[in-house]
Chemist: 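Mind having a look at this structure? Questions to follow.
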Amino acid sequence: MSTFAKRERLLLADLLEAVGPDAPTLCEGWRTRDLAAHVVVRERRPDAAGGILIKQLAPRLEKVMDEFTAKPYEELIQLIRTGPPRFSPFQLKQIDEASNTIEFYVHTEDVRRAQPDWTPRELDKVFQDALWSRLERTARLMGRGVPTGLVLRRPDGQTAVAHRGTPVVTVTGEPSELLLFSYGRQSAATVELDGDKDAIAKLHDTKQLGI
């Protein structure tokens, strides 16, 4: 497994273990047990994981999620730590890096920022640049349902257009924070929004932001 994906995987596993199975998360309706089951199902049950994106497969996903949620919490954490099964495509370094770095970073923050005593992580520039590179490539996809124009901007001035339109809202923050904002964690992301007040209100209210 690649460096970033492996690091974020182990951080997530350690955090899930530390807070226990019933801690809150930023994922609506999910406690930590549910989030742990989601991570395991996504990697180990491709026959069901398609239900995350494909509505017709949702009943299958729900059934398998129920099965894994019922497993001992310690077993779920161990499955996260050990990673995907031997013949999983996630074993390929390129796929692991592309698919899991963001997955595990976002879910780690889903747990961290739902706790009352959370503090910001200090992320190095190399990791921030890696997150920005992924955000640039996926910004249009994540902003497809936004009701306003949307521009993501780093503090150094680099920008990515998530949605073309008017009026335009510019969201400024570190790549890690812009990523959380773009994945629907608007209320938990440390960012600044500039633009028309009504457009900003609409952006905060939209349920379409993120994938």
Chemist: For a side-chain contact (heavy atoms from CB on, under 4.5 Å) check, start with the C-alpha distance between Gln128 and Ser176, then their side-chain angles and the critical distance, and finish with the verdict.
Modeler: CA-CA 6 Å; Gln128 292 282 15; Ser176 54; 3.2 Å; yes
Chemist: Could you check whether Trp132 and Glu136, counting side-chain N and O atoms only, form a donor-acceptor pair closer than 3.5 Å?
Modeler: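 Indeed, the side chains of Glu136 and Trp132 share at least one donor-acceptor pair under 3.5 Å.
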Chemist: CG of Leu35 to CZ of Arg33: how many Å apart, nearest 0.5 Å?
Modeler: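 If I round to the nearest 0.5 Å, the distance is 12.5 Å.
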Chemist: Determine, stepwise, if the pair Glu192 / Val171 fulfils side-chain contact (heavy atoms from CB on, under 4.5 Å).
Modeler: CA-CA 6 Å; Glu192 294 183 0; Val171 185; over 6 Å; no
Chemist: Before giving the answer on side-chain contact (heavy atoms from CB on, under 4.5 Å), spell out for Thr190 and Phe181 the whole-Å C-alpha distance, their side-chain angles and the decisive distance to 0.1 Å.
Modeler: CA-CA 8 Å; Thr190 304; Phe181 185 91; over 6 Å; no
Chemist: What pairs meet the salt bridge (charged side-chain N to carboxylate O under 4.0 Å, His left out) rule with one or both residues in residues 99-111, with sequence neighbours excluded?
Modeler: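 Applying salt bridge (charged side-chain N to carboxylate O under 4.0 Å, His left out) to every pair that reaches into residues 99-111, excluding sequence neighbours, yields Arg42-Glu103, Glu109-Arg112, Glu109-Arg113, Glu109-Arg121, Asp110-Arg185.
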Chemist: Would you check if Arg60 and Arg45 make a side-chain contact, meaning some heavy-atom pair closer than 4.5 Å?
Modeler: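 Of all side-chain heavy-atom pairs linking Arg45 with Arg60, at least one is under 4.5 Å.
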Chemist: Is it true that atom CD of Glu62 has more than 12 heavy atoms of other residues, nucleotides or ligands lying nearer than 6.0 Å?
Modeler: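 12 or below, so no.
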Chemist: Between Leu131 and Leu178, is there a shared hydrophobic cluster once you connect ILVMFWY residues whose side-chain heavy atoms come closer than 4.5 Å?
Modeler: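 Yes, Leu131 and Leu178 fall within the same hydrophobic cluster.
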Chemist: Can a donor-acceptor pair be found between the side chains of Asp117 and Gln115 at a distance below 3.5 Å?
Modeler: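 No pair is found: no donor N or O on one side chain lies under 3.5 Å from an acceptor on the other.
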Chemist: Is it the case that one hydrophobic cluster holds both Val146 and Val168, taking links as side-chain heavy atoms less than 4.5 Å apart, direct or via other members?
Modeler: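 Different clusters: Val146 never reaches Val168 through Ile, Leu, Val, Met, Phe, Trp or Tyr contacts under 4.5 Å.
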Chemist: If the threshold is 4.0 Å, N to carboxylate O, is there a salt bridge linking Asp129 and Arg154?
Modeler: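 Salt bridge flag = yes for Arg154 with Asp129.
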Chemist: I need the Leu12 CG to Thr108 OG1 distance, nearest 0.5 Å.
Modeler: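 Going from the CG atom of Leu12 to the OG1 atom of Thr108 covers 4.0 Å.
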Chemist: Say whether Val169 and Val191 are linked into one hydrophobic cluster, either directly or through other cluster members, by side-chain heavy-atom distances under 4.5 angstrom.
Modeler: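 They do share one cluster, since a chain of ILVMFWY contacts under 4.5 Å joins Val169 to Val191.
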Chemist: Counting only heavy atoms not in Gln78 (residues, nucleotides, ligands), do more than 12 fall under 6.0 Å from its CD?
Modeler: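 For Gln78, atom CD is crowded (more than 12 foreign heavy atoms under 6.0 Å).
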Chemist: To the nearest 0.5 Å, what is the distance between NZ (Lys6) and NZ (Lys93)?
Modeler: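 These two atoms lie 9.5 Å from each other.
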Chemist: With a 4.0 Å cut-off on N to O distance, would you call Lys63 and Glu67 a salt bridge?
Modeler: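 Between Glu67 and Lys63 there is a salt bridge, with a charged N closer than 4.0 Å to a carboxylate O.
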Chemist: Could you walk me through whether Thr172 and Arg153 pass side chain to side chain donor-acceptor pair (under 3.5 Å), step by step?
Modeler: CA-CA 5 Å; Thr172 302; Arg153 182 173 66 192; 3.1 Å; yes
Chemist: CG/Leu180 to CD/Glu174 distance, rounded to the nearest 0.5 angstrom?
Modeler: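 Leu180 CG to Glu174 CD: 12.0 Å, rounded to 0.5 Å.
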Chemist: Hey, could you give me the CZ/CZ distance between Arg44 and Phe90, rounded to the nearest 0.5 Å?
Modeler: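 The CZ atom of Phe90 is 11.5 Å from CZ of Arg44, to the nearest 0.5 Å.
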Chemist: Salt bridge or not for Asp96 and Arg7, using N-O below 4.0 Å?
Modeler: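 Between Arg7 and Asp96 there is no salt bridge, as every charged N stays at least 4.0 Å from the carboxylate O atoms.
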Chemist: Kindly compute the distance separating CG (Leu152) from OG1 (Thr170), expressed to the nearest 0.5 Å.
Modeler: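 Separation between the atoms: 9.0 Å.
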Chemist: Using 30° and 60° as the class limits, which term best fits the ring planes of Phe127 and Tyr105: parallel, tilted or perpendicular?
Modeler: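 Taking Tyr105 first and then Phe127, their aromatic rings stand perpendicular (interplane angle over 60°).
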Chemist: Just jot down the side-chain contact (heavy atoms from CB on, under 4.5 Å) partners of Ser133, sequence neighbours excluded, or say none.
Modeler: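 Result, side-chain contact (heavy atoms from CB on, under 4.5 Å) vs Ser133: Arg137.
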Chemist: Verify the cluster assignment for Met142 and Val151: are they in a single hydrophobic cluster under the rule of side-chain heavy atoms below 4.5 Å apart?
Modeler: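 In one cluster: no.
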Chemist: Spell out, yes or no, whether Leu16 and Phe68 are grouped together once hydrophobic residues are joined by side-chain heavy atoms under 4.5 Å, including indirect joins.
Modeler: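 Same cluster.
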Chemist: What orientation do His107 and His38 show, parallel under 30°, tilted 30 to 60°, or perpendicular over 60°?
Modeler: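 His107 vs His38 ring planes: perpendicular.
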